[in-house]
Each structure stands twice: as C-alpha cells, then as structure tokens.
Amino acid sequence: MGFSKSRPLFSSAARRLSASPASYLLCRSWQHQPKFCPASTLAASEPVGASLSAANISIERTAAPKEKLPPTKLVFGHTFTDHMVQIPWNDTDGWLTPKILPYQNLSLDPATCVFHYAFECFEGMKAYKDSNGSIRLFRPDKNMDRMSKTAARICLPTFDHDALIKIIAELVKLDGDWIPSERGYSLYLRPTLIGTQASLGVAPPKSALLYVIMSPVGPYYPTGFKAVKLEATDYAIRAWPKGVGDRKLGANYAPGILPQRMAASRGFQQNLWLFGDEGYITEVGTMNAFFVFQLPDGKLELATAPLDGTILEGVTRDSILALARERFDKDKWVISERKFTIQEVADHAKAGTLVEAFGSGTAAVVSPIKEISWRGQPIAVPLQAGKETGMVAEQMAQWIAEIQYGEVEHPWSVLLN
Ligand code: COI
C-alpha cells in the first residue's frame, strides 16, 4: 500500500509557476451577491485622499541598537529587531508618509476602537537570507492580497500592494543583519493594521495605523519534525459559512485558545477543527489541513478543504497545491480541494488507506500529524518508518525551503538586494 520505491510519485518536470493574479477586494460570496455587500465595505475599498506610496519614506535610525540573541536561543515571536514601519491613515488625507522608526511602544487613547471592537488584522510572512547573503521574501503579493481583503472586510483602508511591499523591503534591508543566515532560520514579518479612532461609537474607523514589526525566528522543530497529536473538535467551531474564518483577523485567534488548552489538558497539541453535523474537517490549530488517501483505483489523493469562506487562504496551502499539481505524477495522484469528514478519515484509517496527514502554515511550513482523537477513540495516522513525518510533508518542506532560500530560482522568491 502507499508508496513504492520503484514507481516515482513525483514527476521530474519542474516548470516555473507564475505569480498570483492581481488581488480583488471583496470576498467571493459577496462578489456574486452584491446586494448584500454593506456600503461601509464598499467605502473602505474606495480611494480616499492619498494612496499609499513608497516614494518619500522617512527613516529615523535607532541610536541604541539592541543585542542580538544567538540563533539557538530564539523563541518564536519573542525578540524584535531595531526598527519598525508606521504608516498613519485618515479618511480625509488617505495614507500619510510611511515612517521607519526605532522599534517602540504605541501610545493610544484607551477609547481607541481597536481595543473595543477588534478593528485589527495582520499578516505573517518571512524574509530569508540566501547563501550569497541576499535577502528574499516568499510570495509577498499573496500576503498583500489577503491583507487587503481582510482590511476591507472590517472597514479598514486598503492599500497599494506594491507600495507596501517596497516599504517592507526597506525595513527588511535596514534590519537585514537580524536575519540569521543558517538554513531553517528567517525573519518573521508581522504587518498589522489597526483602527485608531478614539471613540466608542460602533462605526468604520476614521483613522488607522499600519505598522510592521519583525522577529528573527528559528526552525519550528529545532530537532527535526515532531509529529503532533490532535483532538478532533466539535464542541467549539472555528469558522462558519458567511463568517470571517477566511480573513486574517486577530479576532479569529483568541477564541481558539481555550479549546486548545482543553485539548492540551488531555494530551493533544492542537485542535482538528470540525464543522457541522457531518464533521467536515476544516483546519488544524492555526494551520490549513492536508490528508493523503489511497483511492480504490490505486491512485493517491492529496486532499484539503476548499476555500468556501471558512478556510484561511494560506500561502503555504496554495504553494503546496501548486507544487503538487506541478510536480506530482499525474497518473498516480489526484489533487483535491473538497469537503471531507472525520468519518471519512476514520474509514480510511480502518481500511488501511489513510496514508498521511499534515498541517501547513507560514510559521512551521508543514506540521506532520501522527494521531487524531475523535470521540475518545484514537485514529492512527501513518508516518514513514523511523521518521516523524509522512512522505508528502517531507517533500513539500524540502521543495518550499529550496525556493525560500533561493537554492532553486523561482518566481515566488523575491530578491530584495
Ligand atoms: C501560521 O501557521 O503561520 C500561523 O498563522 C500562526 C501565526 C498566527 C503565529
């Protein structure tokens, strides 16, 4: 069953993949139902005042550069670089001049709308140092596209994607010596957009602040892959149809912490989020979820939930699907974005046709899964002999890292210098 050494599963063709198309601002279901589109969302998408421009960035360098930790001591998201970007916006002037400043606290009125009504969205992306010492971003256009769509959904201002990429590039270059050069290390970038209007009225913010901070990070698994155990969770729902589960809102994350603690108290690292009476598999923890099944005709299926509005449009998810469609042997593989249930996974496990499962996200890239508890019963997920990962997760981690570190030239890797 599964993988045979004599029959290669991945085709050798490595045709270049093209970058994603230009962004659109409204979510899919709303595009098809414009009568339900709130006026405020349309207003948020309309240009007001100046558009975001990278032309006149002001730069104030820190007078007190911080000590850098040795890479092995880095803990995800605990250490920040010397500088940050701040770009104010208001509904009269539009986007004001972008500033690169020493990393610093924000001073906000306690009535600021971000604190009360969660006018906040963010992105997670990474910068890498290649073997020549050059700096690379991975698919920044995808992050800009998602951030714009998320901002529009909560009536925060959208922005010119190329301008923000240029501004971020200036910040990354200024703090370039914070990017560890070892393979597996990178600089995690956190573009964040908040409503800053100081008022308790529930309304579209008349002012906002886009800021970018950066944190050097190590490999998610310093000792190699560590496959995780999940608790299939139906006592809490992460996202629902016509909700905002496909948007990278801070407000989508806090409600996941209590179920995660409950799962952890029973010995499981993460929740496998289910939806509906059918128990559709949606996401795992803060990641997209992939499963590999062997089909009755002997083919293998790489399956992940479709982008139906409840699933985050993961950049790593999209990359895995694109690479699989590009490089897996088409005679042996089916690549599916479709709904599937926990019962289907349990049935495959029972029949011996569950091949592998893993999560995907920017932080870990891939996170192999070794067990799922469902209604108190364990579902064992196969791993490769002697390894903490399945074959697809391992292959994807390698292919994506080769692109991120510029070992393989690819349009997804954007060279900054
Ligand atoms: C990721 O897996 O990249 C995430 O979204 C986690 C992040 C919120 C820290």
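Sequential numbering from 1 along the given sequence is applied to the chain's residues. In listed order, ligands and their atoms are each counted from 1.
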Discussion item. Can you confirm whether or not the ring centre of H161 sits under 6.0 Å from the ring centre of F159?
Written reply: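 Yes: the rings meet the under 6.0 Å criterion.
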Practice prompt. May I ask you to decide if the ring planes of F291 and F340 are parallel, tilted or perpendicular, using 30° and 60° as cut-offs?
Written response: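 Geometry flag for F340 against F291: perpendicular rings.
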Item to complete: Measure the acute angle between the ring planes of Y220 and F76, then classify it against the limits of 30° and 60° as parallel, tilted or perpendicular.
Response: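 Taking F76 first and then Y220, their aromatic rings stand perpendicular (interplane angle over 60°).
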Starting from the N and O atoms of ligand 1, collect every protein N/O partner closer than 3.5 Å and put each pair on its own line with the distance to 0.1 Å.
unit_1, atom_1, unit_2, atom_2, d
ligand 1, 3 (O), T362, N, 2.9
ligand 1, 3 (O), A363, N, 2.9
ligand 1, 5 (O), K248, NZ, 3.1

Practice prompt. Would you indicate whether the side-chain heavy atoms of L209 and L108 approach each other to under 4.5 Å?
Written response: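 No, too far: nothing below the 4.5 Å cut-off.
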Fill in: Short side-chain donor-acceptor distance under 3.5 Å, K248 and Y253
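There is such a pair (donor and acceptor under 3.5 Å, judged by atom type) between the side chains of Y253 and K248.
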Fill in: NZ/NE/NH1/NH2 to OD/OE distance under 4.0 Å, R317 and E337
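The answer is yes: the pair qualifies as a salt bridge.
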